[in-house]
Peer 1: 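One structure follows; several queries about it will come next.
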Amino acid sequence: ETGVTQSPTHLIKTRGQQVTLRCSSQSGHNTVSWYQQALGQGPQFIFQYYREEENGRGNFPPRFSGLQFPNYSSELNVNALELDDSALYLCASSPRLAGGVGEQFFGPGTRLTVL
Amino acid sequence: GESVGLHLPTLSVQEGDNSIINCAYSNSASDYFIWYKQESGKGPQFIIDIRSNMDKRQGQRVTVLLNKTVKHLSLQIAATQPGDSAVYFCAEAYGGSQGNLIFGKGTKLSVKP
């Protein structure tokens with residue numbers, strides 16, 4: 001167990017709907033990263049949040065957005081869902097060290113199915 | 001995202017044998033590399049990391065080798081156990097931090113008792 005929790009564990013939505021996924025970071029970790037993992041593939045970086053601001057973004061459209069709260073927890077929002085958004089969404093928390101972001105600890109993920 | 005098949009490369013080994021999992025990374029500027037283990041229904045779990053100023057690093061039963069000339073990374077698991085069965089991913093990062101991890105495609109390790 002990493003101490004990173006995500007909710008919900010599973011979710012089913014239909015095309016065009018909006019979804020919000022939640023992540024609670026490990027105690028003491030102030031940086032949260034989100035990844036999308038399609039079936040049979042490695043995780044792909046969506047974005048990272050530090051001090052409540054986006055601090056790096058992967059190749060994902062603007063309909064993927066996020067928030068980080070003062071307690072370092074985070075949300076991932078996806079608007080106008082598409083079938084290809086079906087995936088496991090992983091949250092990872094990490095400490096911010098002098099040399100940059102430290103080791104990332106992953107949560108168990110949220111399985112999103114878009115019908 | 002990149003288009004890949006649903007079938008991961010699979011490595012099948014006998015319990016007690018040594019396992020070697022290979023990975024080709026993409027960015028010659030990457031300077032930090034990590035191996036993750038992902039069991040079914042769980043998020044990736046850190047195994048071992050290595051920085052680009054090293055070519056070998058050892059942990060408990062695991063060794064990572066880095067060949068920057070050919071952009072190749074390998075994970076060696078000694079005395080493989082049934083509990084090692086999982087999907088293994090290599091990941092790369094640059095800038096001396098893990099800010100943006102780029103994951104490889106994964107290898108499924110199956111350990112036969």
Side-chain angles (χ1 to χ4, degrees), chain A residues 1-6 9-10 23 25-26 29 31-50 54-61 64 82 84-111, chain B residues 1-10 21-27 29-53 57 59 64 73 75 86-108:
Chain A
E1 297 297 327
T2 62
V4 179
T5 60
Q6 293 186 242
T9 54
H10 296 86
C23 171
S25 59
Q26 184 169 327
H29 288 183
T31 301
V32 174
S33 303
W34 285 92
Y35 293 82
Q36 180 195 66
Q37 185 175 22
L39 192 63
Q41 299 186 30
Q44 289 199 336
F45 176 73
I46 303 174
F47 44 54
Q48 182 181 89
Y49 276 82
Y50 171 61
E54 188 178 290
N55 182 44
R57 188 179 184 94
N59 188 27
F60 281 82
F64 285 78
E82 301 177 359
D84 284 351
D85 295 334
S86 296
L88 180 69
Y89 288 85
L90 295 162
C91 163
S93 77
S94 49
R96 176 71 62 161
L97 306 176
V101 176
E103 178 185 332
Q104 296 193 22
F105 293 82
F106 284 84
T110 293
R111 172 70 63 186
Chain B
E2 56 183 297
S3 176
V4 295
L6 292 179
H7 301 290
L8 290 169
T10 299
I21 300 172
N22 296 302
C23 174
Y25 64 90
S26 58
N27 188 350
S30 292
D31 56 8
Y32 183 63
F33 305 89
I34 313 105
W35 279 100
Y36 283 93
K37 171 186 180 183
Q38 188 173 25
E39 296 174 286
S40 181
K42 297 184 178 180
Q45 176 188 356
F46 175 93
I47 302 172
I48 191 168
D49 59 0
I50 188 169
R51 298 198 179 273
S52 58
N53 61 352
R57 190 164 187 226
V64 55
L73 198 65
L75 176 70
V87 177
Y88 289 80
F89 293 97
C90 66
E92 58 186 293
Y94 57 89
S97 74
Q98 291 198 52
N100 174 356
L101 289 176
I102 301 170
F103 281 80
K105 296 173 184 174
T107 296
K108 182 176 181 179

Peer 1: Measure distances from A:Gln37 to the heavy atoms of chain B and classify the residue's part below 4.5 Å as side chain, backbone, both or neither.
Peer 2: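 It is the side chain, since no backbone atom gets that close.
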Peer 1: Where does B:Gln38 contact chain A at under 4.5 Å (heavy atoms): side chain, backbone, both or neither?
Peer 2: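 Only the side chain of B:Gln38 comes within 4.5 Å of chain A.
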Peer 1: A side-chain contact here means heavy atoms from C-beta on lying under 4.5 Å apart; do A:Gln104 and B:Leu101 qualify?
Peer 2: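 A:Gln104 vs B:Leu101: side chains touch.
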Peer 1: If you round to the nearest 0.5 Å, how far is OH of A:Tyr35 from CZ of B:Phe103?
Peer 2: 5.5 Å
Peer 1: Return the option, out of B:Gly104, B:Gly43, B:Pro44, with the maximum number of heavy-atom pairs under 4.5 Å with chain A.
Peer 2: B:Pro44
